[in-house]
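The block underneath contains the structure these notes are about, expressed in structure tokens.
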There are 2 protein chains.
Amino acid sequence: MKLDFKHANPGLSLLPRAQEAQALLEGKSCKGAEFLGWLDLPEKALAAVAPVEEAAREIRKNHGLIVVGIGGSYLGARAVIEALSSGLPQDTSGFPVIFAGQNMDSVYHQAVLSTIRGKKYAINVISKSGTTTEPGLAFRILLSHLEANHSADEIAKLVFVTTDASKGSLRPLVKSRNWTSFIIPDDVGGRFSVLTPVGLLPIAAAGKDIRKLLEGAKSMADSIRKDTSANNLALQYACYRNAAYASGKKIELFLNYQPGLHFIAEWWKQLYGESEGKEGKGIFPASVDFSSDLHSMGQWIQEAERTLFETVIDVEKPSTDIKVPSSKVDDGLEYLAGRSLHDINRIAIAAVQDAHQEGQVPSMRILLPEMNEFHLGGLLYFFEYACAVSGIMLGVNPFDQPGVEAYKKTMFKMLGKPGA
Amino acid sequence: MKLDFKHANPGLSLLPRAQEAQALLEGKSCKGAEFLGWLDLPEKALAAVAPVEEAAREIRKNHGLIVVGIGGSYLGARAVIEALSSGLPQDTSGFPVIFAGQNMDSVYHQAVLSTIRGKKYAINVISKSGTTTEPGLAFRILLSHLEANHSADEIAKLVFVTTDASKGSLRPLVKSRNWTSFIIPDDVGGRFSVLTPVGLLPIAAAGKDIRKLLEGAKSMADSIRKDTSANNLALQYACYRNAAYASGKKIELFLNYQPGLHFIAEWWKQLYGESEGKEGKGIFPASVDFSSDLHSMGQWIQEAERTLFETVIDVEKPSTDIKVPSSKVDDGLEYLAGRSLHDINRIAIAAVQDAHQEGQVPSMRILLPEMNEFHLGGLLYFFEYACAVSGIMLGVNPFDQPGVEAYKKTMFKMLGKPGA
């Protein structure tokens, strides 16, 4: 993996501050230091990967899997699974993984029930407390569906729980009902949990290689944790975005050119938005799916308020390619006949970087050698580490989320929750 | 449909400017007046709906439809079709409509080819010029696939073209190959074209009622075009957002609480972003899918920079509902047993509005009586009309897009296009 700053100010004048932030992080003396379990997770998770793989094999004996989770218990798994797929909604080539409990829409959950009717789907419910409203309601609905169709023994083979080691409402059920379970560590926050069983079990169940994912993350950790120089990719990214922000670029636009990467952007938005958006500060994390959105948001980006900077994912080697066919249709595109579609897509990336720089939108490119588990693992760890450094540079606690409870208090009262 | 301003400043001090903008629009004396064909489109399209319905019936004799288009030739159809569906990717309950040519990803298009292999899919290619790179390449790939598997006569029954009346590369083919075709009017820009055959044909092919869609649009047009008072919903929305923008709220966040509405937000982003984002001005249009993204972007919204205002879609009557089952699981949610999931979801909307207002994020709610074709048609027209008024108030030409060509010049040169 490489970062390309040809179309942006790398902001290396901030390097001393980034190095200081890194020292606080590695010295575990930053704010929120009780949540640094993710730092050496790649190595720890590799040592404990076998039971996760074993559970994934059990899950794959069924027709499919429903993952019940929200926020950090949802986005990481979905991001990795979709990044290693095509992004086409109708693509049925893999083992079906359905996400539920990330919303409370009756139409959506009715469709989930219709889709699994008459089939045998495993359920992986992911929640530290077990009482979060959205996944809690979905799990009720799905468990009630299972109970109507299966014996307790059968259900015990279908339900996989990822939750707190001892606390919460799900742990006692694991014991009394003999369900398979995995632990969400106390020292890893939700948005940093993709490399715990929270992310690993659904990803493995989808048929992806979680060992390679962890190896890629470990390789990235090995390379950036000890490096305090300007060569450190995570420090580079932290400098780039903090310098852009300080210069009045208030919105970071995350660009992908492959529909499969849409949820990498969503995962990235939670990571950075929730880590930095507090105390009246924080870059607004936004995303577009290119080249599609060049034909919708392209105008705004090129000519509206000059408040944007960009981070682009550019995948060098395609996992599959298409040669543009020759055609008698006079569409002005015959000069592209015989060319690789992937190459054309990458040329669009380069051209857009030029045009946006011209329009005063700085643009940094992350070159990913290939879209596979290894490089994806490295990318995830890179983003996590850079996020921690960046948040510390900003002066906030990157590991808390004091604002997410605000609406819940009102909601519980409106819903008539006892004691609210 | 109603707008609720209880959690926002309606900005009615701007009403005179909105009325002035409306007068320029209705008098066809605003900038870009050559592109006002969408104003009386509901009525005109209703009169010409039969051939579109007839073509849709032909399309539905096949296994599915591939829609080839990008930007305004893509988002409207996808937005309406998904809004009237569940938003669950694995939902296979309707007639399959696959979107292609809205990106140049080889992995995605390879998956399209795999999905249609051995099946009979119709193609609706939508492009005014026929030479836009993304849909042009996809159409080449798909036509070459058809030609390998079908005779010219068979292909003539499978290809449906929506293009310019006389110009462009597709029109001659329609004639020489006897393909069915529809016209993109000259006086309707891409982002305002959902109620032309651009949007109507795919929507009808998906089995949705385009007469009701147009009737809803017409009903909205009848109510807002003549009304110059403060009761006019479109003027209200235009005032609200321009007042928020003038007060330093630079980002408009479009909120939905149903996954099916995700692409309504994408359509809305093109409409407003492309219409207003020019000359260094324009609100940045962003979107979140709630309640999911409360667990990712919720922190930022509640406590980061105070630069946001919100527009929320609240659907009053659900098209289907689920009663929360009673459960022996001690998840703290038993107080919700027997309640309607849709009601709970709507209570979340109200609670979030309270919390965000508390956090200085104004929030305006659009109450849609029901998610059906009629009300959706009204919503689309409302947004178009309000967008025109809002853009005129901002002082820009809401109907041009001078910035979208910038990257193409460079791209064509890099690709080695003859003459570039």
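Sequence lines set the chain letters: A, B, ... in the order given, protein chains first and strands last, and positions in each chain run from 1.
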Is there any salt bridge (Lys or Arg N to Asp or Glu O under 4.0 Å) pair reaching into residues 401-417 of chain A, and which pairs are they, with sequence neighbours excluded?
E405(A)-K408(A)
If I compare all heavy atoms of T115(A) with all of D91(B), which pair ends up nearest, and what's the gap?
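So the two residues come closest at OG1-CA, 4.3 Å.
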What is the minimum heavy-atom distance between L333(B) and R140(A), and which atoms define it?
C-NH2, 3.7 Å
Contact part of [X] toward chain A, heavy-atom cut-off under 4.5 Å: side chain, backbone, both or neither?
X: P318(B); result: side chain
X: L173(B); result: side chain
X: L143(B); result: side chain
X: D354(B); result: side chain
X: Q299(B); result: both
X: Q102(B); result: both
X: T320(B); result: both

Heavy-atom distances under 4.5 Å only: say whether K281(A) touches chain B with side chain, backbone, both or neither.
backbone
Quick check: H109(A) with H342(B) (ring centres under 6.0 Å apart)?
no
